[in-house]
Amino acid sequence: MKKNKNTVEVETAPSEELQAELPVDETVVSTDEEIRVRAFGEAVKRIKNELRKDVVGQDDIVDNVIIAIVAGGNVLLEGVPGVGKTRLVRSLSKTLSLPFSRIQFTPDLMPSDVTGTNVIEKDENGKLNSVFRRGPIFANLVLADEINRATPKTQSAMLEVMQEHKITVGNTTYKLAEPFFVLATENPVEQDGTYPLPEAQMDRFVFKLVMKFPTSSEPADIVKMTQITLDETAQTVIDGVTIMEMRQLASQVPVIDDVLNFAIRLVTNTHPEIDNASNTASKYIKYGASPRAAQALITCAKVRALVNGRYNVSYADIEALARPVLRHRIKINYNAVNEHLTVDEVIDLLVKESKK
Amino acid sequence: MKNEFKKIQSQFHKESILKIITGALAFGLTALGVVVFLLRLKEIALSYLLYVAVFLGATLVGGGVLTLFLYKSEKRIARRIDEKYHLHESVQTMVEYKHDDSAIVQMQRADAERRLERIPRKFEWKRFWQYLVLLVLAVAIFLCAVLVPLHKDDTDDDDDDTTPTEQPFALTDYHRLAIANLIEEVENSQAEQTEREQIVDILEKLLVDLETVTLQTKMKSTVTASMLQVDGVADVLNTCDDIYKTLSISEVACVDAFAVMVATTDIQLLNDNIATFKKRFENDLKQSSAVETLLDEFVGTARAGLTLASTTVLNTDALLIATKAVVDGMESVSQTTGATYEELHTAIDTETAQTKGGLELALSQQHTNRRLTETVIDILQVTFEISDIDMPDFNNDFLFTSGGTGEENGEENGNDGGLSSDEKKYGSDDEIFDPDTGTYKKYGDLIVEYQGYINEIESKLSQELREYYNQYFDHLRGTQDNE
């Protein structure tokens, strides 16, 4: 792909230097809140450390996955086969000590294969009863592998689950246990026999993360690591309760109006059909993101701020999350394709235009 | 909020106030400099209090405008700090959530304070220097506006330039009354009616013209122009026509020239000459003399009288020409008529008696005319305070518009020289009749003798006449040298 000259480098790495320079006075007795914040940071560190045991590189992917989970959102992982998508999710499930299930989506997968179905069973007395057999969706962490291979019918069965965390089978609604995440994967290479996810479903993923092919020494590290064992070696470090506490703590992180308006302006600028549309949207975008994108930006930015040792959301947080939040929510037009612009480069232009 | 942000905020405000004061002073000085310069160009002087008011007003306006731009609110200061020190909007969050007491906001606040403690507190001279430079420039502009001399263009290279400064003039009741009185005096004078009417017209027009004059220079030029017109009235009227007419009853041809000559002389002197002339004749009557002797006496006396008259108020060479013509004429009469003594005596006596009154009357009238114009001119000079330097150069050439010159009397001279408004001049070798010796002498020699005569009576002459004669003879000598 030809790199466009308008590409703007967006900060994705946390500001470690600030964190390192902050004086830590351990003699001072901390408040409960300070303890919780400190625990938050330590939990994140532990998760990262455990995940690094099983996943080589992909640090930004790991960070964003953690952010999404703490924020309570679903993640769509895109990558070629063998880059560690499934391994990441499996390792994550071990780290979080959450019930995990994997759904391998195939074209013949039925919705009931996902949600579960009623079956007729004979009880002890030989009486036939209708019993609901829960599907693999009944877990805290669900890996929807190659979700784009399932039919739209089966994909739509995920919609209600991903958004509302409940399943309706027949006349009965089953609420799923919290925290509940769906980490879906899709292969961008094999397009034959696949069903692109509809926009409605795409909007329910808070992030779309692209796992790139390992670079430099990473392939060698992968080989070495997997020679020892193919199984994930990550250990449990936190549980679901801790995640909920972290989520609740992150929701309290303050956001100033200027940053909030920046996030809203960024999402608004993805729409070419509105009055005073941005130049980038008018030129390169077919349709823009929904207000869920702004919600996702703010929610995840709060988590990111805490992850980076800050107590407030900054412009850098919004800019860093723009790509994962927007890349699956906007559709670029032929002009962008003609100018060899990727969706990420268009998002960078939007960020630059929104900062003015 | 704790003290750290307030300290920084205070520092920002101090910097802003310093910049506002410096910028306001610069603006005030610049505005004052511009105003002073413009007023100096227009030569308008104002009270010092007004200058102070202009400076203070401009300073306040400049200070107000700068305050709008430079005064920083809490939010702006917080944004400035976050941007400058890359604090990720922590200070802005602290400011915006200053009333929020939730646990995490308190932690955020404490975190922001810790970051603020590490910010260096130094005065931003870099941006303040710009205001100092502006102030220095403003001082320079003001000093230039006050001290730089303003030159007016002066294109007149004439040394006699007496162009007055542009002082204002306004016609006052004093001027109007003076002119009104002058008009009344002219109307009641004994000058000829024509002259009176013309002078009154001139004065009335002068009054109308001066009503719209606003500058001294214009007033002086208008008044002096009127003076020249008044002077010209007498020049036009004071011809020898009346004298000629008066004397024309005489059959003696030489009287024409005599009339020309006497028109330019002083009447008192003329009367003296006539009296002398008569007296000589009367004396001769008591003696028994031959006709020829008496005639010679007559001719000689006439010559002497005429010469004396002509040399006393000698302003043009025409008088010498006239004198010569008169003498020649009288000689002609004496040689051709063959009259007896009694006949000549009677004729002269009759002639004198008949013409004297008319001559006196004519000359007196002309004298009155001239006196009136001089009176009007003098009064105008006094009334409008016109200095002698600004007075016009009146033409004292009493040349006649009629009555003839030597040329009209048939005199044709190949060599012209001497002073004359005409182009005729006498060469130094030209012969001219000398009445004292009764012979013809060279013009140059005659001039020397006449000057000698003047030198003898110099002590009796006024300074003005003395200078006049000296200039006249100097010019004659210059003309002769050129010949």
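Naming convention: chains lettered A, B, ... in sequence-line order (proteins, then strands); numbering from 1 in each chain. What you see is a predicted model; the values in this text were computed from it and never measured.
With contacts defined as side-chain heavy-atom distances shorter than 4.5 Å, the pair A:Phe40/A:Val303 qualifies.
Heavy-atom distances place both the backbone and the side chain of B:Thr93 under 4.5 Å from chain A. Heavy-atom distances place the side chain of B:Glu96, and not its backbone, under 4.5 Å from chain A.
Here A:Ile256 is the residue among A:Val259, A:Val313, A:Ile256 with the most heavy-atom pairs under 4.5 Å with chain B.
Legend: ring pair (Phe, Tyr, Trp, His ring centres under 6.0 Å) pairs involving residues 245-271 of chain A, not counting sequence neighbours, sorted by first then second residue: A:Phe262-A:Tyr315.
Scored by the side chain to side chain donor-acceptor pair (under 3.5 Å) test, A:Arg327 finds A:Asp344 as partners (sequence neighbours excluded).
Side chains of A:Ser354 and A:Asn269: a donor on one and an acceptor on the other come within 3.5 Å.
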